[in-house]
Number of protein chains: 2
Amino acid sequence: MEEIKKNLQELYGQHPRVYVAVDCVIFGYMDGELKLLLYPRSFEPAKGNWSLLGGFVQENESADQAAARILKRTTGLDQIYMEQVAAFSEPNRETTARVISIAYYALIRLDKHDEEIVSQYGADWFPLEKRPDLIFDHNEIVEKALAKLQQKAGYQLVGPELLPEIFTLTQLRRLYEAIFQRTLDPGNFRKKVLSLDLLTRLNKKDSTESKKGAFYYRYNNQEAREKEIGRIIKI
Amino acid sequence: MEEIKKNLQELYGQHPRVYVAVDCVIFGYMDGELKLLLYPRSFEPAKGNWSLLGGFVQENESADQAAARILKRTTGLDQIYMEQVAAFSEPNRETTARVISIAYYALIRLDKHDEEIVSQYGADWFPLEKRPDLIFDHNEIVEKALAKLQQKAGYQLVGPELLPEIFTLTQLRRLYEAIFQRTLDPGNFRKKVLSLDLLTRLNKKDSTESKKGAFYYRYNNQEAREKEIGRIIKI
DNA sequence: TCAAAAGTGTTGCTATTACACCCATGG
DNA sequence: CCATGGGTGTAATAGCAACACTTTTGA
């Protein structure tokens, strides 16, 4: 046994060991726009430049856990929807040390998140399309994350992750328009979504966005939130 | 500058450094079945057990490059279609050391690959559905890789990567049936594929699979191989 | 001659699109 | 009273699924 262990050390030992980071593309939705939460990098190199929220994977955690931990620390939020985007591993993607990054995207409800914690790190929300240039390969990571989000949104309603508990169909449509960066026919969108049978209409109207007022809806139940649907929009 | 560098070392230094491996799910197609190329692991732990083709990422290469290098060394093949599946990072996914794996899937043309090199490593092809149990989390990796392949095949014709240069529509359909693990209507499949306008019919028939003989087809051009198409089959 | 695969045609159905059009109401 | 978004209806179309039917030829 001891001998085996020694051989192992020898075998593994020949290979480099590298830092493994996670970087989170944090999406939020407000004022009809898809937003991105960006942080000023807190240490060199590129200190002060805008970057994704990141951190290093520790000994006893998976990358998923690391991403959740960092998100919790930095936004105060738990139980966030997250999905892995990809690993980024160009040898010189960071300028000083070899760091491989496992990228995630997260969907945040802006009505729930803790602004104080966020602002304490100097973070800020930027409209996806008017975001500043990011460090290293973070622009590329954002592009890939958006593609993943679009794919998910095409097969599942992403309302609950990004909107308040109750919402109008117009709000949901505008969210989809923001995600897919194109307009959708209001009537057709409404019919398609309602035909899925995932939403319940409430006896309550939102009157802030139109004179007539629009009914609020909410998800039937948890299963409804995860149901696979046919494509909502054609790509 | 020196000082900055020192701080860096301190900052990065607190964090663990881990081995980063790549694992390749190698798909091939033969006799109407989707196959998987598996290797007997060459070192402890779990030496001798079936596993995916893997190796460690070296100092000056990206994970993509590492995967291509390992594939070349082990199958003799260059210019293989590969796509990243995901990073696997559970702390105890390997029993002895902390190793994060970036998984890829590769599509191999079995008519082209070098059997000698493959067999020299003791590797063998297994039907996807009758594969042996694999080490660590490799079973999970295979599942995810298949899901990715299915997704790609739904939006692009994967003929050229897995079939010989020329092929019949029946061969292509059987490939799709193997990938999606269900039967497809021959007439409808033919019409759908031909309507894409990606294939050219040759004045040559394959007579090995039917009495009547079936025309060979090939791709119009390189662009045709990459064209995004509507879903070939409904899922 | 006939089984079996190659290939074509037809039909019904469903989803999608592009609209027209009515409703309700705050300013 | 009218502009604006909310909400419903409809007609044209495209795509899909199911399946009938015809062609070819080696065993």
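Every chain is numbered from 1, with letters handed out A, B, ... down the list of sequences.
- Atom C1' of nucleotide C:dG26 and atom CG of A:D206 are separated by 14 Å, given to the nearest angstrom.
- The interatomic distance linking B:L169 (CG) with C:dG7 (P) rounds to 7 Å, in whole Å.
- Following rounding to the nearest Å, B:R174 (CZ) and C:dA4 (C1') show an atom-to-atom distance of 11 Å.
- Atom-to-atom, NZ of A:K205 to P of C:dT25 comes out at 6 Å; the value is rounded to the nearest Å.
- The A:S210 side chain lies nearest to D:dG6 when the options are D:dA18, D:dG6, D:dT25.
- Between A:T208 and A:D206, the side chains place a donor N or O and an acceptor N or O closer than 3.5 Å (distance only, hydrogens not considered).
- D:dG7 atom C1' lies 15 Å from atom CD of A:E209, rounded to whole Å.
- Taking the six-membered ring where the residue is Trp, A:Y121 and A:Y39 present perpendicular rings, their angle passing 60° and hence far from 30°.
- The side-chain hydrogen bond (donor to acceptor under 3.5 Å, both in side chains) test with B:Y105 is passed by exactly one of B:K148, B:K152, B:E83, B:K144: B:E83.
- Contact check, A:R190 against D:dG6: no side-chain N or O comes under 4.0 Å of OP1 or OP2.
- Between B:F167 and B:Y216, a ring centre-to-centre spacing not shorter than 6.0 Å is recorded.
- What separates NZ of B:K211 from P of D:dT22 is a distance of 21 Å, to the nearest Å.
- When the nearest nucleotides of DNA chain D are assigned to A:Q171 and A:N188 by heavy-atom distance, the more 5′-ward of the two goes with A:Q171.
- In the interface, the side chain of A:K191 is paired with the base of D:dG9 through a donor and an acceptor atom under 3.5 Å apart.
- Residue-to-nucleotide contacts include no donor-acceptor pair under 3.5 Å from the side chain of A:K212 to the base of D:dT8.
- Listed nucleotides: C:dG7, D:dA18, D:dG7. Nearest to the side chain of B:D185: D:dA18.
- When the C1' atom of D:dG5 is taken as reference, atom CZ of A:F167 falls 18 Å away, rounded to whole Å.
- The shortest distance between the side-chain N/O atoms of A:T170 and the OP1/OP2 oxygens of D:dG6 is below 4.0 Å.
- Ring geometry for A:F180 versus A:Y176: interplanar angle under 30°, hence parallel rather than tilted (30 to 60°).
- Closest approach to the A:K192 side chain among C:dG7, D:dC19, C:dT16 is made by C:dT16 (side chain taken as heavy atoms from C-beta onward).
- Taking atom CG on A:L194 and atom P on D:dG7, their separation rounds to 9 Å, with Å as the unit.
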